[in-house]
Amino acid sequence: MVGIGYEEIVQAPKALLHDHLDGGLRPATIIELAEAIGHPLPATDPAELGRWFVDAANSGSLERYLETFAHTVAVMQTVDGLRRVARECALDLAADGVVYAEVRFAPEQHLEQGLTLDEVVDAVQAGFVEGTAQAAEAGRFIRIGTLLTAMRHAARSQEIAELAVRHRDRGVVGFDIAGAEAGFPPTRHLDAFEYLQRENFHFTIHAGEAFGLPSIWQAIQWCGADRLGHGVRIVDDITPGERPVLGRLAAYVRDKRIPLELCPSSNVQTGAAPSIAEHPIGLLRDLRFRATVNTDNRLMSGTSMSREMALLVEAFDYGWAELQWFTINAMKSAFIPFDERLAIINDVIKPGYAKLLP
Ligand SMILES: O=c1[nH]cnc2c1ncn2[C@@H]1O[C@H](CO)[C@@H](O)[C@H]1O
Ligand SMILES: [Zn+2]
């Protein structure tokens with residue numbers, strides 16, 4: 001990395017649209033919570049457990065990558081567990097210089113000990129409020145919005161969509177579907193997406209990660225997704241060359257400024273991209289798609305927003321102008337109201353980068 005230091009990237013304001021709550025636990029917290037409930041773990045030393053998650057997630061397959069979540073979801077079944085994980089998430093993101101984050105999780109996966117869906121959402125919200133306040137006391141501003149995810153192999157999307165709308169004035173800003181993509185097209189959940197549109201609510205869809213263009217096409221043209229979770233396979237509709245040629249779907253995505261929630265490290269782990277240097281984010285940024293940089297699962301990728309940006313600086317020789325561009329793209333694409341997005345851009349992001357830009 002030339003010119004830009006890692007510490008400076010940490011200090012720079014960053015916006016994060018795609019981060020899973022159950023993919024970002026501190027290893028030490030997993031160990032403590034697992035011990036209390038007698039859940040067996042593959043390692044009981046925090047550093048070792050952290051390495052285990054990254055190794056196990058380095059599988060080249062999304063399905064195997066997702067198996068690692070059994071250990072995080074297991075310790076997120078009580079009000080105290082959920083609240084603690086959410087509080088620590090807010091603190092960790094703030095310490096990494098993230099000023100705006102949308103954090104997602106699937107409430108239906110946290111009912112094993114008898115909590116209701118509403119109790120799960122309330123517990124996470126309480127944790128975010130606590131963590132945000134503690135960060136502010138330490139002089140770090142962060143705003144967090146929650147996305148509620150429905151699992152695409154299950155059949156609870158309508159219920160989760162209604163849950164999201166019920167909590168829209170208490171921290172929840174959007175909806176998502178996640179889980180294994182192949183075999184579970186977004187149109188399975190069309191009722192939920194049509195309901196959300198009638199409610200004037202926002203949603204993103206995991207599409208174009210482990211499965212290609214048909215999934216992206218359905219997510220946008222059948223389901224009406226505001227953003228694409230990953231969406232990285234849109235490059236399959238671009239013919240490379242000196243002057244790359246966009247197919248109709250890629251052109252539509254770019255013309256409509258549909259945000260791509262790109263997650264470089266996660267894609268390398270699941271085999272959606274061969275390496276960071278060969279990640280399509282370079283091409284998509286050159287072609288001025290509405291590209292954003294995201295962490296996906298900080299624990300499973302052993303990463304952070306600052307690390308993802310540092311990897312891109314190294315691979316593509318990006319400078320502050322590019323990092324600011326990704327950050328403003330993300331903030332423009334956030335699900336909070338327009339005036340609040342604008343305020344964060346003008347009062348936090350631009351002044352932050354003004355200090356760093358040459
Ligand atoms: O990159 C991903 N693609 C698809 N599903 C994912 C990804 N990362 C996490 N999850 C799934 O989303 C659930 C709720 O947060 C997680 O439990 C995991 O199963
Ligand atoms: Zn994801």
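Atoms within each ligand, like the ligands themselves, are counted from 1 in listed order.
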- Message: Evaluate S306 against D96 for side-chain hydrogen bond (donor to acceptor under 3.5 Å, both in side chains), listing each step before the verdict.
- Response: CA-CA 7 Å; S306 296; D96 187 41; 2.7 Å; yes
Quick one: look at [X] and ligand 1, take heavy-atom pairs under 4.0 Å, and tell me if it's side chain, backbone, both or neither.
| X | answer |
| --- | --- |
| L62 | side chain |
| L21 | neither |
| D296 | side chain |
| M151 | side chain |

- Query: Short question: side chain of R233, backbone of A207 - any donor-acceptor pair under 3.5 Å?
  - Reply: no
[atom]: the protein heavy-atom neighbour that sits closest, reported with distance to 0.1 Å:
| atom | value |
| --- | --- |
| atom 8 (N) of ligand 1 | N297 ND2, 3.0 Å |
| atom 5 (N) of ligand 1 | G179 N, 2.9 Å |
| atom 7 (C) of ligand 1 | H20 NE2, 3.7 Å |
| atom 16 (C) of ligand 1 | D22 OD2, 3.0 Å |
| atom 3 (N) of ligand 1 | E209 OE1, 2.8 Å |

Please determine if [X] has a nitrogen or oxygen closer than 3.5 Å to a nitrogen or oxygen of ligand 1.
| X | answer |
| --- | --- |
| Y65 | no |
| F69 | no |
| H230 | yes |
| T149 | no |
| H18 | no |

- Query: Are the charged groups of R84 and E88 less than 4.0 angstrom apart, N to O?
  - Reply: yes
- Query: Is it true that atom CD of E35 has more than 12 heavy atoms of other residues, nucleotides or ligands lying nearer than 6.0 Å?
  - Reply: no
- Item | Atom CZ of F201: over 12 foreign heavy atoms under 6.0 Å | yes
- Task: Kindly compute the distance separating NE2 (H110) from CG (L82), expressed to the nearest 0.5 Å.
- Result: 6.0 Å
- Query: Which value, rounded to the nearest 0.5 Å, describes the distance between L323 atom CG and M305 atom CE?
  - Reply: 9.0 Å
- Item | N/O/S atom of C263 inside 2.8 Å of the Zn ion (ligand 2), strictly under | no
- Message: Name the residue from N297, N294, D296 that meets the side-chain hydrogen bond (donor to acceptor under 3.5 Å, both in side chains) definition with H18.
- Response: D296
- Query: Any idea how F175 and F193 line up, ring-wise: parallel (<30°), tilted (30 to 60°), or perpendicular (>60°)?
  - Reply: perpendicular
- Decide yes or no on side-chain hydrogen bond (donor to acceptor under 3.5 Å, both in side chains) for E181 and S215, but give the supporting numbers first. CA-CA 8 Å; E181 188 176 2; S215 183; 2.6 Å; yes
- Given NE2 of H20 on one side and OD1 of D296 on the other, what angle do they make at the Zn ion (ligand 2), to 10°? 90°
- Message: List ligand 1 atoms under 4.0 Å from Q109, heavy atoms only on the residue side.
- Response: 13 (C), 14 (C), 16 (C), 17 (O)
- Item | Element-labelled atoms of ligand 1 that are located less than 4.0 Å from some non-hydrogen atom of L66 | 5 (N), 6 (C), 7 (C), 9 (C), 10 (N), 11 (C), 18 (C), 19 (O)
- Polar contact flag, side-chain donor to acceptor under 3.5 angstrom, T78-Q113: no
